[in-house]
Every structure is written in C-alpha cells, then in structure tokens.
Number of protein chains: 2
Amino acid sequence: MNAPQLTRNQALVFDVLEKAEGPLSAYTILDKLRDQGFRAPLQVYRALEKLLEYGVVHRLESINSFVACAHPGEDCHSHGIVAFAICESCGQVIEFHDHEVDHRLMSWVRSQKFKPAKTTIEIRGTCEACAA
Amino acid sequence: MNAPQLTRNQALVFDVLEKAEGPLSAYTILDKLRDQGFRAPLQVYRALEKLLEYGVVHRLESINSFVACAHPGEDCHSHGIVAFAICESCGQVIEFHDHEVDHRLMSWVRSQKFKPAKTTIEIRGTCEACAA
DNA sequence: ATCAATTGCGTTATGCTATAACGTGTGCAA
DNA sequence: TTGCACACGTTATAGCATAACGCAATTGAT
Ligand SMILES: [Zn+2]
Ligand SMILES: [Zn+2]
Ligand SMILES: [Zn+2]
Ligand SMILES: [Zn+2]
C-alpha cells in the first residue's frame, strides 16, 4: 500500500515516531501529543492503524510498541518479511530483511498449505553498544 | 532448562494448556481454573512464568496467548529458534523449527555483534482446513 | 537446632494496552 | 439532493500484566 497524503492526526503521530530514538507505545505517543490537542487513545490507535496499512510504521508485537519504518521511500512490503533486532537495554531497533529467511519460511508455509497474512520476526537482546 | 517437579498451580495451568485445542490467554486459563480455587491473574502469570522458563510452554507474542510445547520430551531450546504458524480462523497453532532460518538469523546477529536473548517468529494466517 | 535465604502462594490494588459504541462534520459522487 | 465513505472527538469498557504486601514451607548453611 502506498501512503497517500496523511491527515493531520496521522501526520502528527508519524512525526513523533520519526523523531523518536526508538519504538514508542501508543500511550507514550498520546502523551507527546497532548499539547497538539490529543485527548484519547483512539486518536493514536486510529492514526497508527492507517500508518501500518500504508507501511510507513511497523508494530513490534513483543513489546507492544510502534516504530517508523527505517527504509523510507522503499516499500517495505515489497522486499519481503521485515525483521527486527530490539535492544532491551537502550531500546534501539534495527530493521532488516533477509530473503533467504523469507524463502525458507514461505517454503515451509507452502508445504503446509498455510496461507500467511502477517509474519513477525523479532529478536530481543543486547546491541553492540550496550553489550559492554 | 529442564522441568523439575511442578507445583500444584503450575501443574494445573500446564494441564489446562495441554488439553486445550489452541493457545489460551492468561485470563482464559484463570477462568478455567476457578473451580480449582484460582482467584487472581497472578496465580496464572506466576505459574506461566515458570512453565516458560522450563520450556514446556510457549508464549505467542502476537496474540498475547500461551500454548503447551508441541514437542514434549525434547528440549525445544536445544533445537534452535521455535516458530509458529497461527490460524486466525480456527486458532490452531503449528509449532516448527527450521535450522536454516536459525542459521541465517544468527549469522545476521553475529555480523551486527548483537547478543540475542529471545527470538520470536510467528506467522499469522489461515490453515489448510480453514482456507476453504 | 537455629537462622537466613529462597521459593511458592494468596490477596488487593493498580497500571498498561486496546477497542466498542455513539455522535459529528466534511467531501464527493450518483 | 441524497447517500456514502471517511476522519474525527468523546466516553466508556474490555483485556492484559505487574506492584506490593504478607504468610508459610523448604532448604541449606552455621
Ligand atoms: Zn520498514
Ligand atoms: Zn542497546
Ligand atoms: Zn516447543
Ligand atoms: Zn484454521
């Protein structure tokens, strides 16, 4: 899905995510947008829903958080499954793609006649800087 | 981690998960154990924490649910990353392992000097039976 | 035997995450 | 004009998870 012109709320939420150092929860986003008039979680969740649909934001299932896509311009959906490495110490997220992983998973899926809709790959651990 | 003798609460929770057709949320487990004296979420979460530690139960991050390991006897941790295919229609879960996927992910991780702690692979979609 | 540390358990309260349900306004096409 | 789709605002509620307290049983030194 390509991203059309964002609405005001969508643009505000996306802006917060883009400027953030790491992933943010919906409620953290809400707090950051109170000065812009946000009052309720739904304002954030509705914007996120669209941003996810457009592929410009990703949801990190294992930490209930959202992050701006690290590959602006490209269409993340087009280069296969998106994977994330999440540092549990500093919160930094690295987004990456591996076609061989995609290929193996999709070939397993085919062998089971399973119809995939959305695939999650998240590695939680410690980044190089935090490994100390 | 090998599983020692389970405590009463741990055994009750594990039993519910083992007999379930698919993954259950902590609160669903709680409801199923009210007759056995369970009153509070913590009783379930504390048991789950241990069962996860012993590797006899897996947590499905993308649906906030828990499922008994499909490979009893084996130590799931020993054959690498565990992956799941989750049918969003019937709730059935297929647990599998793919060494090549492990290898690719771990080789990426090494290249980034990232120290993995816990990796999640979950494919949500429709199973063969539900594809209809 | 005694003491300290660990572990499991029960309870109450609280916090965090997400959606339901209702109503409003605006733009656009039939 | 009328109907529809969509974004939005608000209130309320549902669903998921943990904090903090206290108690009892177990274990393992000393
Ligand atoms: Zn992306
Ligand atoms: Zn880090
Ligand atoms: Zn398993
Ligand atoms: Zn199914």
Side-chain angles (χ1 to χ4, degrees), chain A residues 1-17 20 22-54 56-67 86 88 91 118 120 122 124, chain B residues 1-17 20 22-54 56-67 86 88 91 118 120 122 124:
Chain A
M1 169 97 48
N2 225 4
Q5 185 59 36
L6 298 183
T7 68
R8 170 181 157 82
N9 283 6
Q10 288 161 18
L12 285 168
V13 169
F14 182 63
D15 196 54
V16 165
L17 281 175
L24 301 177
S25 78
Y27 278 73
T28 302
I29 296 171
L30 173 57
D31 285 338
K32 287 182 183 293
L33 288 174
R34 294 214 184 264
D35 292 345
Q36 277 70 38
F38 274 48
R39 312 294 315 269
L42 258 194
Q43 295 176 280
V44 176
Y45 281 109
R46 287 206 273 234
L48 285 172
E49 186 180 14
K50 288 301 179 183
L51 295 171
L52 289 169
E53 195 179 316
Y54 302 152
V56 297
V57 162
H58 299 292
R59 176 195 181 99
L60 302 177
E61 307 279 358
S62 65
I63 57 173
N64 297 318
S65 292
F66 304 86
V67 68
I86 305 166
E88 289 175 312
K118 180 80 176 64
T120 296
E122 297 175 15
R124 293 176 309 294
Chain B
M1 172 96 46
N2 226 6
Q5 186 58 35
L6 298 183
T7 66
R8 170 179 156 83
N9 283 7
Q10 288 160 18
L12 285 168
V13 168
F14 182 64
D15 197 54
V16 165
L17 281 175
L24 301 176
S25 77
Y27 277 72
T28 303
I29 297 171
L30 173 58
D31 286 338
K32 287 182 183 293
L33 288 175
R34 294 214 183 265
D35 292 345
Q36 277 68 38
F38 273 49
R39 311 293 316 270
L42 259 193
Q43 296 176 277
V44 176
Y45 281 110
R46 289 205 272 232
L48 286 172
E49 187 181 13
K50 287 300 179 183
L51 295 171
L52 290 169
E53 195 180 314
Y54 303 152
V56 297
V57 162
H58 299 292
R59 177 196 178 95
L60 302 176
E61 307 280 359
S62 66
I63 57 173
N64 297 320
S65 294
F66 304 85
V67 68
I86 306 166
E88 290 174 313
K118 180 81 177 61
T120 297
E122 296 176 17
R124 293 178 308 294

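Note on naming: letters A, B, ... go to the chains in the order of the sequence lines (proteins, then strands), and numbering restarts at 1 for each one.
- Residue A:Ser25 places at least one side-chain N or O under 4.0 Å from the OP1 or OP2 atom of C:dT17.
- Atoms OH (B:Tyr45) and P (C:dT11) sit 18 Å apart, rounded to a whole Å.
- Per the geometry, NZ belonging to A:Lys50 stands 13 Å off C1' belonging to D:dC8, to the nearest Å.
- An OP1 or OP2 oxygen of D:dC8 is reached within less than 4.0 angstrom by no side-chain nitrogen or oxygen of A:Gln43.
- Side-chain proximity of A:Asn64 to D:dC8, C:dA18, D:dT18: nearest is C:dA18.
- When the P atom of C:dG8 is taken as reference, atom CD of B:Gln10 falls 6 Å away, rounded to whole Å.
- Using a 4.0 Å heavy-atom criterion, one finds that B:Arg39 contacts the sugar-phosphate atoms exclusively.
- Taking atom CG on A:Leu24 and atom C1' on C:dA18, their separation rounds to 17 Å, with Å as the unit.
- Here D:dA17 presents its C1' atom at 13 Å from CD of B:Glu61, a figure rounded to the nearest Å.
- Ring-to-base geometry places A:Tyr27 in a stacked arrangement with C:dT17 (centre distance under 5.5 Å, plane angle under 30°).
- Here D:dG9 is the nucleotide among C:dT11, D:dG9, C:dC9 with the atom lying nearest to any side-chain atom of A:Asn9.
- Nucleotide D:dT18 holds its C1' atom 15 Å from the CG atom of B:Leu30, rounded to whole Å.
- Contact check, B:Thr7 against C:dC9: a side-chain N or O comes under 4.0 Å of OP1 or OP2.
- For the pair A:Leu42 CG and D:dA12 P, the interatomic distance rounds to 14 Å; values are reported in whole Å.
- Toward the 5' end of DNA chain D, the nearer of the two residues B:Arg46 and B:Ser65, judged by each one's closest nucleotide, is B:Ser65.
- Closest contact between the side chain of B:Arg59 and the listed nucleotides C:dA18, D:dA17, D:dG9 involves D:dA17.
- A side chain to side chain contact (heavy atoms under 4.5 Å, CB included) with B:Gln36 is found for exactly one of B:Val13, B:Asn9, B:Leu12, namely B:Leu12.
- Between B:Glu122 and B:Arg59 no salt bridge is recorded (no basic side-chain N to carboxylate O distance below 4.0 Å).
- At whole-Å resolution of the value, CG in A:Leu33 and P in D:dG9 are 11 Å apart.
- Between A:Lys50 and A:Glu53 there is a salt bridge, with a side-chain nitrogen of the basic residue lying less than 4.0 Å from a carboxylate oxygen of the acidic one.
- When heavy atoms are screened at a 4.0 angstrom cut-off, A:Arg8 is found touching the sugar-phosphate backbone but no base atom.
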Applying side chain to side chain contact (heavy atoms under 4.5 Å, CB included), run through B:Ile86 and B:Leu60 and close with a yes or a no. CA-CA 9 Å; B:Ile86 306 166; B:Leu60 302 176; 4.1 Å; yes
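- Between A:Glu61 and A:Lys118 there is no salt bridge, since none of the side-chain N atoms of the basic residue sits less than 4.0 Å from a carboxylate O of the acidic one.
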